[in-house]
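One structure below.
Lettering follows sequence order; numbering is per chain, from 1. Just so it is clear, the structure is predicted and the values come from calculations on it, not from any experiment.
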4 protein chains.
Amino acid sequence: MSDSDRGAGRAARPRRADARRNEKALLDAAAAVFVASGVEAPIRDIAARAGTGTATIYRHFPTRADLIIAVYRHQVEALAEAGPALLTTSGTPQAALGRWIDLFVDFLVTKRGLAVVLQSDDPCFDPLHSYFLDRLLPVCTQLLDAAADSGEIRSDLDAHELMRGVASLCAGAGNNFRYDARRLVELLIAGLHRPHQPPAR
Amino acid sequence: MSDSDRGAGRAARPRRADARRNEKALLDAAAAVFVASGVEAPIRDIAARAGTGTATIYRHFPTRADLIIAVYRHQVEALAEAGPALLTTSGTPQAALGRWIDLFVDFLVTKRGLAVVLQSDDPCFDPLHSYFLDRLLPVCTQLLDAAADSGEIRSDLDAHELMRGVASLCAGAGNNFRYDARRLVELLIAGLHRPHQPPAR
Amino acid sequence: MSDSDRGAGRAARPRRADARRNEKALLDAAAAVFVASGVEAPIRDIAARAGTGTATIYRHFPTRADLIIAVYRHQVEALAEAGPALLTTSGTPQAALGRWIDLFVDFLVTKRGLAVVLQSDDPCFDPLHSYFLDRLLPVCTQLLDAAADSGEIRSDLDAHELMRGVASLCAGAGNNFRYDARRLVELLIAGLHRPHQPPAR
Amino acid sequence: MSDSDRGAGRAARPRRADARRNEKALLDAAAAVFVASGVEAPIRDIAARAGTGTATIYRHFPTRADLIIAVYRHQVEALAEAGPALLTTSGTPQAALGRWIDLFVDFLVTKRGLAVVLQSDDPCFDPLHSYFLDRLLPVCTQLLDAAADSGEIRSDLDAHELMRGVASLCAGAGNNFRYDARRLVELLIAGLHRPHQPPAR
DNA sequence: GATGAATGAGCTTTCATTCAT
DNA sequence: AATGAATGAAAGCTCATTCAT
C-alpha cells in the first residue's frame, strides 16, 4: 500500500523497479551485517554486502536510525500485534505478559546489537527509541495493567521501565558464554509476583 | 617511613611528589571524564582535563584497562570487604545479600560508563574483567551460598551470572530519566526467593 | 572499447576520469616524495603534494608496498623485458649481463630511496620484495646462467645474491657526492670473471 | 690518558668514580642494544639496560653520534692500527689490503646497524662519518696505494669510495638469510685486480 | 651529577558524509 | 536515481628531548 498507490497516474516509472530492488537488498544486507557486527557496523560494509554504493544507503535511509527501524519494522509490528492476541489466548493476564516478554527477549537476543543500541543515549538514536516506544509501549502497558488488575503482580512498575530492564538484560549477553539472558529475565518477571499476595484479604 | 626517611639527604627519591600529584590528577580527571563520556573516552580528553600530555597517561597506566582499574580500585576493595561484614551484621543471609547488591548497584550506577564496559567483549578489557571477578566473585558467591543454604533463595543461579545481570541492569541507565536501576535490581533479587517456599512441608 | 562504448548513454562508469587523474597525481607525487625523502616518507606528505586527502591514498593503495610497487611498476617491467632482448643483441652473454646490470643500476640510482627499502627486513615490505623477485629474478638468472655456461664467469653466485649486492651498492649512494655506484658495481661484475680463465685448454 | 690527567691536583673527585662507572655501563648497554636493535634503537632502551636515566646518556653523550663513536672507538682504533702492521707482515701489498678489508667487514657485519648508519645522509651522523674517515681513510689509502704501486691492482679507485662500497655491501645483510656480505666483498676486491695484467710486457 | 617524569609533535589508519558524474 | 571517490576529522601510540628535583 504505502508504496504502490502513488496518487494519480504515471504508475510505476521504469526506474522504480530498480529502486525497490535496491531497498530490499539494502535491508537484507543490513540485517545480515547487524547480526554479524552489531548495529553500529560501518555503513560501507552494508553497502558492500548489498552490492550498492554508500550514497544509495543515504538516499534510502538518511539516518542510521531510519535504517535500523526499517530493518526491524516487521518484527516490531509482529510483536505489537502479538500482545492483544496473547491476552485473549493465554490463561491469565500474567501468563500473557510472561509469554509476550518471552517473545520480546527472543527478538532482542536474536537481533543482537539492537539491545545495546536501545540503551544508548546518543541522540542520533532518538528516532529509534521513539519508534519502539510508540509501537510497543502501549502493548506492554496493556498487558501489565491487565496482570496488575488481576492482582497477580505488583503494580508499581511501569511498562517503560520494564521494557528497558529487559532490554538491558539482553544487552548484557554480548557474545558471552555463561550468560543466559532468558533466565535472568525470568527472574525479573518472577520478582513481579505479588510478594505474598495477601490471599485471605 | 617509606618515603620520608631518605637517609643522609642526598635525594634518593626525587620528583616523587610531582609524580604523585600527577597521578592523582590523572585519576581524578579520568574519573570525571568516565562519568561524562564513558570509559571509552579519548585518552586525549583525559590528558587535557588533567592538564598533562597524553604520554603521561601511558607512562602511569600503559593500558586503558590499567587506568580503569586504578580509578575504581578503592571502591572495588571496599565492596569486597563489605561482603563478610554484612554477613555478620545483617539479620539473615538473604538480607546480607540484598544489602551487598545494593552497594554494588550504588557503585555501578554512580560510576557510570563502568557498567557498560563490564559487558564488553573487547579483549582489551579482559584484565578489567579479571580484576572485578577476582575481587568480587568470591564475595558474592559466599553471600549467595549462605542465602541458598538457609533455604531462603533459589540455588540455581551462580554469582557470576547474577553479577552480570545486575551490571546489565545498571548499564541500562545511561543518563536516562525514567529508569531506576535500583528498582529493577530489587525485582531481580525478589525473583530469587524460593518460589513457593516449601518450609513447613 | 573498454571505456568508451557505454551503450545507450546512461553513464555506466562515471567519475572514472577523476579517479584516473587522481591516481596519476598520486603516483607522480609519490615518485617525487620518494626521491626527496625516501620510500618511508609520511603518507601525509604524499597526499599533500598530490593535493588529496590521506584517505584517498589508502583507497588507491591500501598498503605502502602497493604504492611503491605501482610507482615503479613500469620501470620494473621494462627491466624484465630488457633481459632476453639483450641476450640476443649483445655480443656475448657476459656483455648482456653487464649491460643489464647497468640498466638495473641506472634504475636504482635514479629512483633513490628504493634501493634502501629493498634492503629492509620490515615485513610490510615483503610484497615489494616478492614483486621484484618475481619479475627480475628469472631474468637475472637467465643472464647469469648464460654467462656461466659460456665459461666467462664464475658460477658460484646466484642471481639473488648478485641482485642484493648490486642493490646494496646503489643504496650506499644516498645524496652523496663522491660515491659512484656504477663504478663499484662495475668492479663487482669484474670480480665475476673467471679468475684465471683456463686459456690454453 | 685522556681522562686521568686532568691538569693540576684535585685528582679524582669522589663523584668521578660514579660517573666513570656510569659511562662504562652506558657503553656496554649501548653496544648490546645496538647489536640487538640497531644503532637507531630508542635511547630509553639503552638507559634501561644500563640502569640509568635517559638524561644521563645526554650528559655523557650529547649526540647519538657521540655515543656511537664512543661505543665503537676501540675497534676503530684497532682497525686503524692493523693497517700498517698488515703491510709489514703480509706477503704482498694486495694480500695486506685483502686482509684489512676482511677485518673491516668482520667489524661491520658483527656490529650491525652500524653499516646502515654509515650510509645515511642525516646530518646528525656527520660527526660519525668524520670520525671514521679521519681514522680509517689514511690507513686504507696507504694500503690501496701500496697495492696499486706494486701493479697488482687498478689505481683508479680511491679509498673513500672503496670503504663506502664495502660498508654498503655489509649494510645489505640485514637479518637476511641468503646474503653473504663477505663473499660479495670478496668479489668486489677481486674486481680490483689488474684486468688483464699486462701479460706481454 | 643523576634522575626519570613530562612533554607534544608526528604517524598511521578508519569512517561518516558529501559531491561530481 | 545511483554511484563510489574524495574528504578530513578523530584517535591511539611512540619517542627524542627538556627540566625540576
Secondary-structure stems for DNA chain E, with pairs counted as Watson-Crick or G-U when both distances are under 3.5 Å and runs at least 3 long: E:2-21 with F:2-21
Using the test side chain to side chain contact (heavy atoms under 4.5 Å, CB included), find all partners of A:A47 that sit at least two apart in sequence or belong to another chain. A:T52, A:T54, A:I57
Sequence neighbours excluded, which residues qualify as ring-ring contact (aromatic ring centres under 6.0 Å, His included) partners of D:Y72? D:F107
Looking at residues at least two apart in the chain, or sitting in another chain, which of them share a side chain to side chain contact (heavy atoms under 4.5 Å, CB included) with D:V39? D:F34, D:I68, D:L114
Write down the distance between CG (A:D66) and P (E:dA16), rounded to a whole number of angstrom. 16 Å
Mind checking side-chain hydrogen bond (donor to acceptor under 3.5 Å, both in side chains) for B:H129 and listing every partner two or more places apart, or none if nothing turns up? none
Side-chain donor or acceptor of B:S120 paired with backbone N/O of B:D122 under 3.5 Å: yes
Would you indicate, yes or no, if E:dA6 has its OP1 or OP2 atom less than 4.0 angstrom from a side-chain nitrogen or oxygen of B:H60? yes
Over how many whole Å does the gap from A:Y58 atom OH to E:dA16 atom P extend? 6 Å
For B:S37, give me all partners under side chain to side chain contact (heavy atoms under 4.5 Å, CB included), at least two apart in sequence or on another chain. B:V33, B:A41
Between C1' of F:dG12 and CZ of B:F61, the distance in whole Å: 17 Å
Is the phosphate of F:dA2 approached by A:R59 (side-chain N or O, under 4.0 Å from OP1 or OP2)? yes
Going by heavy atoms in the side chains, are B:I43 and B:R64 under 4.5 Å from each other? yes
Taking side-chain hydrogen bond (donor to acceptor under 3.5 Å, both in side chains) as the definition, give me every residue that meets it alongside B:Y58, ordered by chain and number, with sequence neighbours left out. none
Taking ring-ring contact (aromatic ring centres under 6.0 Å, His included) as the definition, give me every residue that meets it alongside C:F61, ordered by chain and number, with sequence neighbours left out. none
So which protein N/O to nucleotides 8-11 of chain E N/O distances come out below 3.5 Å?
unit_1	atom_1	unit_2	atom_2	d
E:dG10	O6	B:R44	NH2	3.2

I need the residues from residues 22-34 of chain B with at least one non-hydrogen atom less than 4.0 Å from DNA chain E; give them sorted by number, or say none. B:N22
For C:R20 and F:dG4, what is the distance between atoms CZ and P respectively, to the nearest whole Å? 15 Å
Test: salt bridge (charged side-chain N to carboxylate O under 4.0 Å, His left out). Region: residues 25-49 of chain A. Which pairs qualify, not counting sequence neighbours? A:K24-A:D28
When the distance from CD1 of B:I46 to P of F:dA11 is rounded to whole Å, what number comes out? 11 Å
Suppose we screen for side chain to side chain contact (heavy atoms under 4.5 Å, CB included). Which residues come up paired with A:R59, at least two apart in sequence or across chains? none
